[in-house]
Novice: 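One structure is given below, represented as structure tokens, and several questions about it will come after.
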Amino acid sequence: MIDYLRSLLHRYLSDPQAIILALLLVVGFTIIWLAGDTLAPVLASLVIAYVLDGAVERLHVWKIPRVIALNIVFIVFLAALFLVLFKLVPLLSQQVTQLFKELPNMMANGQQLLMQLPERYPNFISESQVQDLLGTIKDELASLGQRVVSYSLASVIGLITIMVYVILVPLLIYFFLKDKRKILRWMAGFLPDNRALADRVWYEVNQKIGSYMRGKLLEILIVWFVTYITFALFGLQFSMLLSFMVGLSVIIPYVGAAVATIPIAFIAFFQWGVDAQFAYVMIAYAIIQFIDGNILVPLLFSEIVNLHPVAIITAVLVFGGIWGIWGVFFAIPLATLVNAVIKAWPKGRSNAESRPLVDSDQSFSEA
């Protein structure tokens with residue numbers, strides 16, 4: 001056993017560049033793990049600046065001076081930020097409040113509909129089952145109400161935090177964009193000169209993650225806008241709130257769309273019952289999800305992230321469990337980083353090397 005471990009260490013950690021790459025990864029993840037909450041404004045600003053830098057570079061390619069391009073992009077970002085804060089957030093807050101006001105009426109109507117099921121389908125549903133279901137729903141709503149009250153009591157602190165973010169984050173974003181090259185040179189001064197392997201991994205990840213994040217943002221906006229227009233045309237209540245949730249659901253691959261279906265079906269059911277209008281809304285939502293998954297995603301992310309669905313789902317579970325919603329959002333970029341490290345990591349050869357598990361020359365990420 002000791003000889004086997006020694007051979008593994010010699011095979012995978014005998015290259016000095018591999019050790020340097022491993023140390024950089026360990027230090028980076030340790031900083032995020034231990035100081036992630038404290039550095040949250042800095043990390044959020046860094047991510048947003050990273051996304052906006054693509055637009056700055058694109059304008060710079062069009063012969064626009066970088067300073068002017070930077071200011072154009074930053075002004076557009078500020079306009080979008082103020083639009084979200086003073087238009088979108090109040091509208092979403094209003095619809096959430098209205099939804100909680102409508103919940104008692106929805107529950108009453110839903111109870112009447114559910115109580116009719118034992119009469120219509122006595123062989124499948126009994127009255128006791130309906131009563132148990134209603135009791136479970138009431139308990140869940142009571143628990144939800146308690147959480148809302150607790151959140152309201154803590155909202156003052158949350159509001160102060162948001163105000164700090166609103167002032168601090170834009171400033172950090174501007175300086176990250178303005179002094180990008182200075183910051184990169186400063187950071188490079190702490191790195192060893194012999195880091196070709198780390199540079200190769202960073203180059204591959206940088207190309208894919210930048211395109212992925214900008215594509216994901218565009219996908220969220222497109223799905224959100226199309227879903228809102230569709231729901232508004234059908235007259236579905238809380239169209240903005242539901243469409244916003246659908247737009248955010250694309251962050252979680254394969255699972256988000258299924259989860260978003262539940263509140264949509266819930267609202268549509270209590271608004272129209274099991275009617276043709278209910279069926280039309282659900283069919284339209286299914287069509288939007290089909291177009292997103294089969295047309296929009298391949299168009300935006302073609303050859304950007306070449307990961308197997310099993311790897312993507314595993315990344316969502318692992319990184320979501322570690323960092324919550326941020327881990328879910330960055331699950332695919334982090335999985336791309338892991339994949340790039342595995343492919344670039346030096347692998348020694350031994351005479352007793354076993355046969356490959358599969359005959360195909362494709363890697364798991366390309367399957």
Side-chain angles (χ1 to χ4, degrees), residues 48 51-52 54-55 58 72-73 75-103 105-106 109-110 211-302 304-305 316 325 328-329 332:
I48 297 173
V51 174
L52 295 179
R58 181 62 59 88
I72 292 174
V73 171
I75 290 173
V76 172
F77 166 74
L78 286 181
L81 179 63
F82 279 103
L83 184 64
V84 168
L85 290 177
F86 296 106
K87 291 293 184 180
L88 178 62
V89 171
L91 179 58
L92 292 177
S93 177
Q94 178 184 358
Q95 293 202 353
V96 169
T97 303
Q98 184 181 353
L99 176 60
F100 275 100
K101 289 181 179 179
E102 293 290 335
L103 274 179
N105 295 331
M106 290 182 178
N109 295 333
S211 300
Y212 170 80
M213 294 179 65
R214 286 184 283 271
K216 182 58 68 175
L217 179 60
L218 185 59
E219 182 192 5
I220 291 172
L221 294 176
I222 292 174
V223 172
W224 177 16
F225 177 76
V226 172
T227 305
Y228 172 71
I229 296 298
T230 302
F231 287 171
L233 289 175
F234 279 108
L236 181 65
Q237 293 178 332
F238 315 108
S239 296
M240 179 59 74
L241 180 62
L242 293 175
S243 61
F244 177 73
M245 182 187 60
V246 172
L248 292 181
S249 71
V250 305
I251 294 175
I252 309 176
Y254 310 110
V255 180
V259 173
T261 304
I262 298 174
I264 294 171
F266 180 84
I267 299 297
F269 175 76
F270 287 117
Q271 183 173 348
W272 295 304
V274 184
D275 198 359
Q277 196 77 353
F278 172 84
Y280 294 152
V281 169
M282 298 310 297
I283 291 172
Y285 173 69
I287 292 173
I288 292 173
Q289 291 298 332
F290 177 83
I291 294 175
D292 174 47
N294 295 275
I295 298 177
L296 186 59
V297 169
L299 185 65
L300 292 176
F301 304 106
S302 177
I304 292 178
V305 179
V316 170
I325 186 63
V328 171
F329 181 77
I332 294 181

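Computed from a predicted model, the values in this text were never measured in an experiment.
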Novice: Where do E219 and L296 come nearest, in terms of heavy atoms and distance?
Specialist: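 In terms of heavy atoms, the two residues are closest at CG-CD2, 3.9 Å.
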
Novice: Rounded to the nearest 0.5 Å, what's the gap from CG on L88 to CE on M240? Could you check?
Specialist: 6.5 Å

Novice: Just how far is it from atom CG of L92 to atom CG of L99, taken to the nearest 0.5 Å?
Specialist: 12.0 Å

Novice: How close do V223 and G247 get, heavy atom to heavy atom, and via which atoms?
Specialist: CG1-CA, 4.3 Å

Novice: Where is the tightest heavy-atom contact between I264 and M245, given as atom of each residue plus distance?
Specialist: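 Reported closest heavy-atom pair: CG1-CE, 4.5 Å.
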
Novice: How long is the span from the CD1 atom in I291 to the CD1 atom in I222, to the nearest 0.5 Å?
Specialist: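 Interatomic distance, I291 CD1 to I222 CD1, rounded to 0.5 Å: 11.5 Å.
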
Novice: Which residue pairs pass the side chain to side chain donor-acceptor pair (under 3.5 Å) test with at least one member in residues 277-287, sequence neighbours excluded?
Specialist: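 Listed once each, the pairs are Y285-Q289.
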
Novice: Just so I know, are the side chains of L241 and V96 near enough to count as touching, which here means a heavy-atom distance under 4.5 Å?
Specialist: yes

Novice: According to ring pair (Phe, Tyr, Trp, His ring centres under 6.0 Å), does anything in residues 224-252 pair up with another residue at least two apart or in another chain? List the pairs.
Specialist: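 Matches after skipping sequence neighbours: W224-F244.
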
Novice: Name the orientation class of the two ring planes belonging to F270 and F266 (parallel below 30°, tilted from 30 to 60°, perpendicular beyond 60°).
Specialist: perpendicular

Novice: Could you tell me which non-hydrogen atom of K216 sits nearest to which non-hydrogen atom of V250, and how far apart they are?
Specialist: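 Shortest heavy-atom separation between K216 and V250 comes out as NZ-O, 3.0 Å.
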
Novice: Mind listing the closest non-hydrogen atom pair of V226 and T230 along with its distance?
Specialist: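 For V226 versus T230, the nearest heavy atoms are O-OG1, 2.8 Å.
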
Novice: Do you know which two heavy atoms are closest between A232 and S239, and how far apart they sit?
Specialist: N-OG, 3.7 Å

Novice: Rounded to the nearest 0.5 Å, how far apart are CD1 of I288 and CG of D292?
Specialist: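 So the gap between those two atoms works out to 9.5 Å.
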
Novice: Between S249 (side chain only) and V246 (backbone N and O only), is there a donor and an acceptor less than 3.5 Å apart?
Specialist: yes

Novice: Got a sec, which residues hit ring-ring contact (aromatic ring centres under 6.0 Å, His included) with F77, two or more places apart in sequence or on another chain?
Specialist: none

